[in-house]
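FYI, side chains are in, hydrogens and waters are out, and symmetry mates aren't considered; it's all heavy atoms of this structure. Residue numbers start from 1 in every chain, and the chains themselves are labelled A, B, ... in the order their sequence lines are given, proteins ahead of strands.
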Number of protein chains: 2
Amino acid sequence: MSQGARDRRGEILAIAARLFARKGYRGTSMRDIGQEAGVLGGSLYHHIRSKDALFVELHNAALDAAEARIVAAVSKLDDPWARLEAACVAMLEIQLAPDSLTTPMMNDFREVPADVRAQLVARRDRFEKPFRDLVAALPLPYGADRSVYRNLLLAQLNSVADWYRPDGRLSPTEIGRQVALLVKGAAAS
Amino acid sequence: MSQGARDRRGEILAIAARLFARKGYRGTSMRDIGQEAGVLGGSLYHHIRSKDALFVELHNAALDAAEARIVAAVSKLDDPWARLEAACVAMLEIQLAPDSLTTPMMNDFREVPADVRAQLVARRDRFEKPFRDLVAALPLPYGADRSVYRNLLLAQLNSVADWYRPDGRLSPTEIGRQVALLVKGAAAS
DNA sequence: CCTACCGATCGGTAGG
DNA sequence: CCTACCGATCGGTAGG
């Protein structure tokens, strides 16, 4: 594959990622993607196999990149709470970056065909493993349900992209710290 | 309108609510709704004006019922933390009830036409007012951002329907208490 | 509530 | 990368 073709494919992936993030899987047609790329919808099939495969590829690439950055951010630290905070900050810095291909918002699991959904769920479960480990290492009080705790933590992180305003008072980093602070306080009470 | 017709309409609304909750707005066709109701898709238009209007009606009815129950649950209490906990418990009991028309999961804002979305957002903003008031009354530590705090709280409540298992260890009531405990601990730290 | 249909849009393909 | 098209499906309607 030539350099130009590889770049072209990357452009198309970036465009598709942005549209999927903004309008969802079903709300984004191949013709929409083609229009932003300056070609007709059918022409995209020279670069991709199907809409499903495109979506799965983007989803996996986003989670790969996010997971690598989170693991790296955490590895330098020892204290369990510091590690959790670093993971929250890293995740939000990735998820709220304005232009990256990694911007997911791909929690559209209900919008997607069943066989695609199975792949997304499997990849997401692997993605959540670092968080399971982080939460497992926390000194939570007796009676706290670590499974519920982890789900509530991830729900907070995933929600931020829905209400975050780039021109707001708080940066992604600061919001990440607030999330960590919130779930940390719970353990201290 | 006759008694039979009113019941029939209610049946159709309940079916539509369940399908929208499970498959999303775009993932649910009028023909899908018709099939579960035992009629063809076109026949539904004797009872409703349009798919958009049906969705908005269901969404508003769900939020009306939820808001009324939450306000009632809270009104008997004085302590700000007890009021917050009661609101969390009431919200989850409603949202996780297996069969009610009130089961939303209608956070599909991205799936919906722009003019419909504007209506849903406006109604949701009103719905969140009790939570704004509840959070405003909390004795949070200096430096806590009440707006972020409220968003994170609502994110937790809205997420539960995605991972709750009816046969799991915790009941909706117990999960509601865990959410309240988590956000309360944050203030105590 | 059905039959029979409308115009629009979808993912995808053949052939150049 | 385009032209020209495919079969399927969509929300919705007329007329009974």
Any idea which of D:dG12, C:dG11, D:dC1 is nearest the B:K51 side chain?
D:dG12
Rounded distance in Å - CD (B:Q35) to P (C:dC2):
12 Å
What is the separation between atom CD1 on B:I33 and atom P on D:dC10, rounded to the nearest whole Å?
11 Å
side-chain hydrogen bond (donor to acceptor under 3.5 Å, both in side chains) with B:T173: which residues, sequence neighbours excluded?
B:E93
For the residue pair B:F109 and B:H59, categorise the inter-ring angle as parallel (less than 30°), tilted (30 to 60°) or perpendicular (more than 60°).
perpendicular
Check whether A:D32 reaches the backbone of A:S29 with its side chain - one donor and one acceptor, N or O, closer than 3.5 Å.
yes
Results of side-chain contact (heavy atoms from CB on, under 4.5 Å) for B:A53 - residues two or more places apart only:
B:R49, B:S50
Can you name the residues that form a salt bridge (charged side-chain N to carboxylate O under 4.0 Å, His left out) with B:D52, not counting sequence neighbours?
none
Pairs where residues 170-180 of chain A contributes a residue and the test salt bridge (Lys or Arg N to Asp or Glu O under 4.0 Å) is met, not counting sequence neighbours
A:E85-A:R177
What are the atom names and distances for every N/O pair under 3.5 Å that joins the protein to nucleotides 4-7 of chain C?
none

Whole angstrom is fine here: how far is it from CG in A:D32 over to C1' in C:dA8?
14 Å
Can you measure A:H46 atom NE2 to C:dA14 atom P for me and round it to whole angstrom units?
15 Å
Nearest to the A:R8 side chain among D:dC10, D:dC1, C:dG11, which nucleotide is it?
D:dC1
Structure string for DNA chain D in dot-bracket form, Watson-Crick and G-U at under 3.5 Å, | interchain:
||||||||||||||||
Using whole Å, report how far CD1 of A:I48 lies from P of D:dC1.
13 Å
Tell me the interatomic distance from A:R9, atom CZ, to D:dC1, atom P, rounded to whole angstroms.
13 Å
Using a strict 4.0 Å threshold on nitrogen-to-oxygen distance, state whether A:R123 and A:E67 make a salt bridge.
yes
Given D:dC2, C:dC1, C:dC2, identify the nucleotide with an atom nearest to the side chain of B:L40.
C:dC2
Are OP1 or OP2 of C:dC10 and a side-chain N or O of A:S29 less than 4.0 angstrom apart?
yes
In whole angstrom, give the distance that lies between atom OH of A:Y45 and atom C1' of C:dG16.
20 Å
Verify, without hydrogens or angle tests, whether B:R8 (side chain) and B:H47 (backbone) share a donor-acceptor contact under 3.5 angstrom.
no
Counting distance only, does the side-chain N/O of A:Q156 pair as donor-acceptor with the main-chain N or O of B:L152 below 3.5 Å?
no
Rounded interatomic separation in angstrom, taking CG from A:L54 and P from C:dG11
11 Å
